[in-house]
Amino acid sequence: MLLSRLTLLAVMAIGLAACATNKSSWQSMSPPVWTSRGVVPDAVVGDYLRGRFAASQQAYGEAADAFGRVAISQDDPALVASAFRYALVDGNVADAERFAELIVTAQSADTGHTPSPIGFAEKDLPRLTLLAAAVSRGEMATAATLLEAPLTTPLGQSMAYLFEGWVTYDQENPEAGLDHLQAIPKDLFGGFVPLHLGLMFDLSGDLGAAEVAYAEGLRAPGSDFSYIAYAGLLERHQTAEDALKVYRSLSEERGFLRRLGRMGLARLGEPKEGEAPAFVRLSRRAPTRVAKSAESAIAVGFINYAWSAYEQAIQRQEAAARAGFEGLTVNLDVPLALAQLAVAIDDTQGAGHYIIGAIYSVYGQNEAVVEANNRVAPTSWLYNYAAIGQANAFVEMDQPKEAIEKIENYLKQDALAPDVALTLADLLSEEGDYPAARVAATNAIDVANRLASEDTRGRNLWRYYFARGAITAEAGDWSQAEGDLIEALRLAPDEPLLLNYLGYSYVERGENLDEAFDMIERALAQRPTSGAITDSLGWAHYQRGNYEEAVQYLEQAVALEPGDDVITDNLGDANLQVGRKNEARIERRRVLEIETA
């Protein structure tokens, strides 16, 4: 049966899905069987417990060290597996390789294991780690040998087939590698094949075939990389105008690729008005290839799978939140491991470091976030978002001055980065410097407006007006805030977050209640399981004196968001108005409990 992208990524996300604790899926093993070996030294037990606790906190370096010590002294496969996995997600690929060799040797001796749709981390990741380690040393013949034994999970088989294509390309000839990729079996996921065919054709000099493959890759998973590779190909080998068209289009969009488009325009002598000289100089040093060798292409392959697994898991978490399951965490150990293998092969792959930083951010490992994003080069298309990631980590570490300094320094060398400017506005607002925050938000609007085309202006600009409006409202200047929010709504009339914010603001002020009801109801129709929007509608009924209806909606909101003290307090007020004094007292106590917790 042909595996769709969704099916494959669902397999990838086994053990990644949202769960109620921070515990790793690799922690679910039973304690090792030591009783047959007599008395276990206290140091071994202590290391085992330290490893379990460290892993539960995503302190993977400490977990790897603790399990590594135990694995050396105890002949137990579960301990070796734990030492391997935690060393890998911590980025210690040398130690992970050492333990992976033990695991793969044991697997080779086990003639009873059969293909399985689950168990990628246990069954296939050790062999892929040995593969990545060999590739990182340029030992492609060893990589070929490792691929001779079949992997057991659909994900592992898909990755192995892609990597085998590159090993064949390197060890035999480009034609053999291309033939291999073009013959991918229908029961394997091939979403990244167009990109990698393009990279093969590109490296082997068949530019026409590369252009066709990249164009197909624009409609497939990993399209960001296909855009980068396609635009770089046009820039290197076609007319400048062909490349300029692509770069102009990218520079008008919001997101990861806008910086890429601006760098391309600057490199080709058409910088955006107002580009900083430092940015233009930087752009000239930016690479125009995604991969420069078979080895770096394999690193890109690891990134492709890591990024897709990461996005899939985050989307699941967001879907759970929309369904009312707020506060659930997500396990991202597999994409983290794959990204670590990518940068072990090619440390210049900024996307790998960026993914590592993003995952550490989810895990609350803020020092590791800063370190990972430090490794994203200034010439990377992701450098602006790496700076934002670092600033957010500084805030989480209660270092707001460092966060502001980071963003201000970034904007000195890149003045046309509206998302970075908006981050500065948010940081300044959090510090209570509302005038400076509004200036920064205004700068973000001006830059975003300048970069946008008529086609992209509406879908890009609303969020900047929304942000400035929210900052201004927080500062207490409603007249100016309202203008920004109305403009945002004009640009994005159906955006539920905006509809709810403006509608609730009107309700709080007792203004335009009919219009406010319409906005909130439209928002709730799009997000029926949102506790925040349900609360807004309940409070709107409260403000109108419809207390029975208010209780109905606010009870639903509390059920959706049981840990929100504001919603709970609103329900207490509504219960009091309908004479349910006992229920109101209960809600008051719950508010205190939530605030205390």
Side-chain angles (χ1 to χ4, degrees), residues 12 15-16 24-27 29 47-48 50-52 54-55 58-108 119-139 142-143 145-147 149 151-153 155-156 159-160 163 295 298-299 301-303 305-306 309 331-347 349 352-353 355-356 359-360 363 365 368 371-372 375:
M12 295 172 74
L16 308 182
S24 165
S25 61
W26 292 332
Q27 291 174 252
M29 73 255 181
D47 276 332
Y48 174 76
R50 275 190 290 273
R52 289 293 296 264
Q58 277 88 35
Y60 290 133
E62 296 176 24
D65 290 343
F67 278 116
R69 288 191 295 270
V70 179
I72 291 170
S73 63
Q74 302 292 314
D75 181 21
D76 191 294
L79 294 172
V80 173
S82 296
F84 157 68
R85 291 156 182 163
Y86 295 126
L88 180 55
V89 295
D90 188 51
N92 188 342
V93 176
D95 279 359
E97 180 185 13
R98 181 160 55 96
F99 292 118
E101 288 175 350
L102 297 174
I103 296 170
V104 170
T105 299
Q107 288 176 343
S108 300
F120 169 79
E122 293 75 17
K123 297 179 179 180
D124 290 341
L125 190 56
R127 187 176 296 275
L128 289 171
T129 298
L130 296 182
L131 171 80
V135 172
S136 72
R137 295 189 291 267
E139 299 170 358
T142 301
T145 301
L146 287 165
L147 289 169
L151 277 74
T152 61
T153 66
L155 170 57
M159 295 180 71
F163 298 152
E295 290 86 350
I298 290 174
F302 274 106
I303 292 171
Y305 284 96
N331 189 304
L332 297 165
D333 289 357
V334 167
L336 178 56
L338 297 179
Q340 297 284 20
L341 292 176
V343 298
I345 296 171
D346 184 357
D347 191 56
Q349 292 290 343
H353 294 298
I355 295 170
I356 291 168
I359 293 173
Y360 278 136
Y363 284 168
Q365 303 294 319
E371 181 181 352
R375 296 178 180 175

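Below, each value reflects all heavy atoms present in this structure, side chains not excepted, and no hydrogens, waters or symmetry copies. Heads up: numbering here begins at 1 and tracks the sequence. Just so it is clear, the structure is predicted and the values come from calculations on it, not from any experiment.
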Could you state the interatomic distance from CG (Leu336) to CD1 (Ile359), rounded to the nearest 0.5 Å?
5.0 Å
Beyond-backbone contact of Ile356 with Gln340, side-chain heavy atoms, under 4.5 angstrom
yes
Supply the atom-to-atom distance Phe99 CZ to Leu79 CG, rounded to the nearest 0.5 angstrom.
10.0 Å
Please name all residues satisfying salt bridge (Lys or Arg N to Asp or Glu O under 4.0 Å) with Glu371, sequence neighbours left out, ordered by chain then number.
Arg375
Which heavy atom of Glu97 sits nearest to which heavy atom of Arg137, and what is that distance?
OE2-NH2, 2.9 Å
Report the distance from atom CG of Leu155 to atom OH of Tyr305, rounding to the nearest 0.5 Å.
7.0 Å
Contact check, side chains of Leu151 and Lys123, non-hydrogen atoms, under 4.5 Å:
no
Taking side-chain hydrogen bond (donor to acceptor under 3.5 Å, both in side chains) as the definition, give me every residue that meets it alongside Gln365, ordered by chain and number, with sequence neighbours left out.
none
Verify whether one side chain among Asn92 and Tyr60 offers a donor that lies under 3.5 Å from an acceptor in the other.
no
Side chain to side chain contact (heavy atoms under 4.5 Å, CB included) against Ala96, all qualifying residues, sequence neighbours excluded
Phe84, Ala87, Leu88, Thr129
Residues in side-chain hydrogen bond (donor to acceptor under 3.5 Å, both in side chains) contact with Asp124, at least two apart in sequence or another chain:
Thr152, Thr153
Does any non-hydrogen side-chain atom of Val334 lie less than 4.5 Å from one of Leu125?
no
At their closest point, which heavy atom of Ala299 faces which heavy atom of Gln349, and how far apart are they?
CB-CG, 4.3 Å
Taking all non-hydrogen atoms of both residues into account, name the closest pair between Val89 and Tyr360 and its distance.
O-OH, 3.1 Å
How far does CZ of Arg85 sit from CD1 of Ile103, to the nearest 0.5 angstrom?
6.0 Å
Candidate list Asp346, Leu341, Ile298, test side chain to side chain contact (heavy atoms under 4.5 Å, CB included), partner Val135, passing option:
Ile298
Phe302 side chain reached by Met159 side chain, heavy atoms, under 4.5 Å:
yes
For Ala55 and Ala63, the nearest pair of non-hydrogen atoms, with its separation, is N-CB, 3.8 Å
Between the side chain of Tyr86 and the main-chain N/O of Gly68, is any donor-acceptor distance below 3.5 Å?
no
Ala83 and Ala64 have their tightest heavy-atom pair at O-CB, 4.5 Å
For Ile303 and Gly352, the nearest pair of non-hydrogen atoms, with its separation, is CD1-N, 3.7 Å
Starting at CZ of Phe163, measure out to CG of Leu147 and round the result to the nearest 0.5 Å.
9.0 Å
Under the salt bridge (Lys or Arg N to Asp or Glu O under 4.0 Å) test, which residues partner Asp95, sequence neighbours left out?
Arg98
Contacts of type salt bridge (Lys or Arg N to Asp or Glu O under 4.0 Å), residue Glu62, not counting sequence neighbours:
none
